[in-house]
Amino acid sequence: MPFEGLTDRVAIVTGAASGIGLATAGRLVKEGAKVALVDVDGAGVESAAAGIGSDSAIALSGDASDEQDVARYFGAVKERFGRVDLLHNNAGIGGQPVPLAETTMEDFDRLVRINFRGVFLNLREMLRTALDQGDGATIVNTASGTALHGVPGLGAYAGTKAAILSLTRNAAVEYAQNGIRVNAVVPGPVGTPLFEAFPDEFQAGAEQFNPQGRRGTPDEIAAVVAFLLSDESTYITGAAYNVDGGEGA
Ligand code: NAD
């Protein structure tokens, strides 16, 4: 049984050339949505959309942390599909684990720019679009389990993800009366290029710490994102869903 309310809805998924975003885009197309895959990796997002192999999937190159790019790709989606209903606000970077005392301001600023500023810009554009359209919208932001518990080496990254949880709650309460729902998905370790770029011992440590003793798959995250974007979750807003093998328990 498909999820209710995704057929013919128009979705933007950021960071869709790879990993969790790519899995969500594929899942939403399967559920009947029209999906714009957005990524700063132009060639990657073209081949990701081609791989989905449906007229309902289009690729747009753009930097999710750049104000003009965000306005441009939202405009392109409205031109192509007439409106935007759903946003998986997912683009993010991990970087290499490094103790806080050794974190450079260059790395810190890059993390804040892409993981927090980028999420804010896309959230704001979706809110403006939804208020203009006048009939609601649904947003899922990708946070991380690192927002909930300390992970040595990921302090700056974790801070950006905690900020996303706060933004999610505030947007949800501010716009609940406008039919706009805003939730977060909180993944534990997931087998994507971002996680697999960490040193082997770091990856092994993350799996040992995990109650299920393993990393998740992008499809396991995408299933929850699709549920939260669908009309199966109409009474859920401002929530953060752990999808993490029990790590946040
Ligand atoms: P990934 O590297 O497979 O995919 C991330 C995608 O985002 C890439 O295609 C990349 O090109 C794109 N991207 C990066 N910066 C961008 C920008 N400025 N504009 C547009 N696109 C940009 O990684 P993933 O694991 O699928 O990560 C997706 C999200 O999930 C991230 O926000 C990440 O922090 C979060 N997350 C991942 C894990 C994990 O273990 N993999 C755990 C918790 C949260």
Side-chain angles (χ1 to χ4, degrees), residues 12-27 36-49 51 59-70 72-74 87-97 109-123 125 140-149 151 153-154 156-165 167-168 184-198 202-207 209-210 214-222 224-225 240-245 247-248:
I12 292 177
V13 180
T14 65
S18 173
I20 293 168
L22 175 57
T24 302
R27 178 68 190 252
L37 291 83
V38 172
D39 206 286
V40 72
D41 174 0
V45 77
E46 284 290 343
S47 80
L60 294 170
S61 173
D63 179 349
S65 67
D66 180 278
E67 189 172 12
Q68 282 172 359
D69 265 15
V70 173
R72 182 183 49 74
Y73 61 69
F74 266 77
L87 170 66
H88 184 198
N89 203 358
N90 168 77
I93 56 166
Q96 282 304 302
D109 288 343
R110 198 168 125 74
L111 281 163
V112 171
R113 180 178 172 90
I114 298 175
N115 291 4
F116 186 44
R117 185 181 202 271
V119 165
F120 175 77
L121 281 172
N122 284 270
L123 173 86
E125 197 66 26
V140 175
N141 299 321
T142 302
S144 160
T146 58
L148 307 177
H149 50 81
V151 180
L154 293 188
Y157 171 84
T160 66
K161 293 300 183 173
I164 291 171
L165 293 181
L167 193 61
T168 301
V185 69
V186 185
V190 183
T192 70
L194 181 152
F195 180 72
E196 285 160 3
F198 291 144
F202 187 92
Q203 293 182 46
E207 290 187 321
F209 176 72
N210 188 277
R214 67 175 179 95
R215 66 194 68 184
T217 68
D219 285 345
E220 288 176 306
I221 313 303
V224 178
V225 175
Y241 269 61
N242 295 352
V243 189
D244 63 358
E247 209 165 280

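One-based numbering, in listed order, for ligands and for the atoms of each.
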Tell me, with the steps shown, if Phe120 and Val70 meet side chain to side chain contact (heavy atoms under 4.5 Å, CB included). CA-CA 11 Å; Phe120 175 77; Val70 173; over 6 Å; no
Distance-only donor-acceptor hits, side chain of residues 156-163, under 3.5 Å, sequence neighbours excluded:
unit_1	atom_1	unit_2	atom_2	d
Thr160	OG1	Asn115	ND2	3.4
Thr160	OG1	Tyr157	O	2.6
Lys161	NZ	Thr142	O	3.1

Sorted by chain and number, sequence neighbours left out, side-chain hydrogen bond (donor to acceptor under 3.5 Å, both in side chains) with Asn122 holds for Tyr73
Original post:
Got a donor-acceptor contact below 3.5 angstrom from the Glu247 side chain to the Phe209 backbone?
Top reply: no
- request: Would you confirm whether Asp39, through its side chain, and Ala16, through its main-chain N or O, come within 3.5 Å as a donor-acceptor pair?
  value: yes
Extract all N/O-N/O pairs under 3.5 Å that connect ligand 1 to the protein, and present each with both atom names and the distance rounded to 0.1 Å.
unit_1	atom_1	unit_2	atom_2	d
ligand 1	3 (O)	Ser18	OG	2.5
ligand 1	9 (O)	Asp39	OD1	3.4
ligand 1	9 (O)	Asp39	OD2	2.6
ligand 1	11 (O)	Asp39	OD1	2.6
ligand 1	18 (N)	Asp63	OD1	2.8
ligand 1	19 (N)	Ala64	N	2.8
ligand 1	21 (N)	Val40	N	3.3
ligand 1	25 (O)	Thr192	OG1	2.6
ligand 1	26 (O)	Ile20	N	2.8
ligand 1	32 (O)	Asn90	O	2.8
ligand 1	32 (O)	Lys161	NZ	2.8
ligand 1	34 (O)	Tyr157	OH	2.6
ligand 1	34 (O)	Lys161	NZ	2.9
ligand 1	40 (O)	Val190	N	2.8
ligand 1	41 (N)	Val190	O	3.2
ligand 1	41 (N)	Thr192	OG1	3.0

Residue set satisfying salt bridge (Lys or Arg N to Asp or Glu O under 4.0 Å) with Arg117, at least two apart, ordered chain then number -> none
